[in-house]
Amino acid sequence: MDIQIRHATADDEAAVVRLWREAGLVVSYNDPSRDFMFALAGDSSDVLVGIDNAHGVVGAVMVGHDGHRGWLYYVASDPARRGLGIGRRMIAAAEGWLKDRGVRKVQLMVRESNAAVVTFYQHLGYDVTPRVVMAKWIDEA
Ligand SMILES: CC(C)(COP(=O)(O)OP(=O)(O)OC[C@H]1O[C@@H](n2cnc3c(N)ncnc32)[C@H](O)[C@@H]1OP(=O)(O)O)[C@@H](O)C(=O)NCCC(=O)NCCS
């Protein structure tokens, strides 16, 4: 499927959030609009969108780095257009974004409830790397 990939702008927020919802990526403790705008506001983070002329935003990925590793979040393709290469293109674009900034390794987290997607990432050359991820909310809001 022929798509153009570009940086998201604030005008893309509604379409991207809709896609993330349709892809089942939005959970109660995350505000996807806030997450989208926060990623666009940072120097070391971004949202890339895949655009199909007829259907608008059909792919999205949040990408960023913390000064060491690159991270991917909110990887999604249009549920009506799966298996057409959108996901692969979005991942490649995000990897290119990181490489352009000197990042050597990219990482991502998969929720245990979404284990089926692990094979998609393995298909694209990602390995499961045994780590314990620890987390703490530091903003009660
Ligand atoms: C994961 C997701 C982005 C894949 O998008 P997609 O557009 O269907 O992926 P592609 O068509 O680019 O597939 C790329 C390759 O992976 C393969 N693939 C796709 N989904 C796969 C899966 N679940 N398991 C194994 N392989 C898979 C495809 O066959 C394709 O292989 P090929 O390029 O050798 O022909 C999409 O299914 C999605 O949005 N899922 C819901 C959101 C989600 O779980 N995101 C990840 C959060 S960690």
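Numbering of ligands and ligand atoms starts at 1, following listing order.
Residue A116 touches ligand 1 through its backbone alone, judged by heavy-atom distances below 4.0 Å. Contacts with ligand 1 closer than 4.0 Å are made by no heavy atom of R111, backbone or side chain. Contact annotation for T119 and ligand 1: heavy atoms of both the backbone and the side chain come within less than 4.0 Å of the ligand.
Looking at R6 and D12, a side-chain N of the basic residue comes within less than 4.0 Å of a carboxylate O on the acidic one, giving a salt bridge. Looking at R34 and D31, no side-chain N of the basic residue comes within less than 4.0 Å of a carboxylate O on the acidic one, giving no salt bridge.
For atom 1 (C) of ligand 1, the closest non-hydrogen atom of the protein is V117 CG2, 3.4 Å. Among protein heavy atoms, the minimum distance from atom 15 (C) of ligand 1 is reached at H123 CD2, 3.5 Å. Remark: minimum distance from atom 37 (O) of ligand 1 to any protein heavy atom is reached at R82 CD, 3.2 Å. Looking only at protein heavy atoms, the nearest one to atom 8 (O) of ligand 1 is G83 N, 2.8 Å.
Summarising the local packing, CG of D100 is surrounded by more than 12 heavy atoms from other residues, nucleotides or ligands at distances under 6.0 Å. Within 6.0 Å of atom CZ in R104, 12 or fewer heavy atoms from other residues, nucleotides or ligands are found, so the atom counts as exposed in its surroundings.
Looking at ligand 1, you'll find an N or O of G87 within less than 3.5 Å of one of its N or O atoms. On a distance-only criterion, G85 and ligand 1 share at least one N/O pair closer than 3.5 Å. Considering both main-chain and side-chain atoms, L84 comes within under 3.5 Å of ligand 1 through a nitrogen or oxygen pair. Checking only distances, V75 does come within under 3.5 Å of ligand 1, N or O to N or O. Checked by distance only, ligand 1 and R88 come closer than 3.5 Å through their nitrogen or oxygen atoms.
Taking only non-hydrogen atoms, the option from Y74, Y121, F120 nearest to atom 46 (C) of ligand 1 is Y121. In this structure, of G50, S77, A23, the residue bringing a heavy atom nearest to atom 6 (P) of ligand 1 is S77.
Counting heavy atoms from C-beta outward, W20 and M62 have side chains that approach closer than 4.5 Å. Looking only at side-chain heavy atoms (C-beta outward), V57 and I51 come within less than 4.5 Å of each other. The shortest distance between side-chain heavy atoms of V75 and L108 does not fall below 4.5 Å. At a threshold of 4.5 Å between non-hydrogen side-chain atoms, the residues W137 and Y29 count as touching.
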For this session: Start with the C-alpha gap between H7 and V49, add the side-chain angles, then the distance that decides, and say whether side chain to side chain contact (heavy atoms under 4.5 Å, CB included) holds.
Result: CA-CA 6 Å; H7 301 275; V49 286; over 6 Å; no
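Distance alone, capped at 3.5 Å, places no donor-acceptor pair between the R69 side chain and the Q107 backbone. Under a 3.5 Å cut-off, the side chain of D66 and the backbone N or O of H68 do form a donor-acceptor pair. For S45 (side chain) and G64 (main-chain N/O), no donor-acceptor pair under 3.5 Å exists by modelled atom type.
Distances below 4.0 Å separate heavy atoms of A76 from the following atoms of ligand 1: 39 (O). Listed by number with element, the atoms of ligand 1 under 4.0 angstrom from any heavy atom of L25 are 42 (C), 43 (C), 45 (N), 47 (C). Atom numbering of ligand 1 starts at 1 in the shown order; those under 4.0 Å from a heavy atom of M109 are 48 (S). Within the listing of ligand 1, atoms 7 (O), 12 (O) sit less than 4.0 angstrom from a heavy atom of I86.
Using a 4.0 Å threshold on non-hydrogen atoms, atom 29 (O) of ligand 1 does not count as touching the protein. For atom 35 (O) of ligand 1, no protein non-hydrogen atom is found at a distance below 4.0 Å.
Contact between N114 and ligand 1 is present, with at least one heavy atom of the residue lying under 4.0 Å from the ligand.
Both cation-pi conditions hold for R101 and W97: the charged atom is under 6.0 angstrom from the six-membered ring centre and inside a 45 degree cone around its axis.
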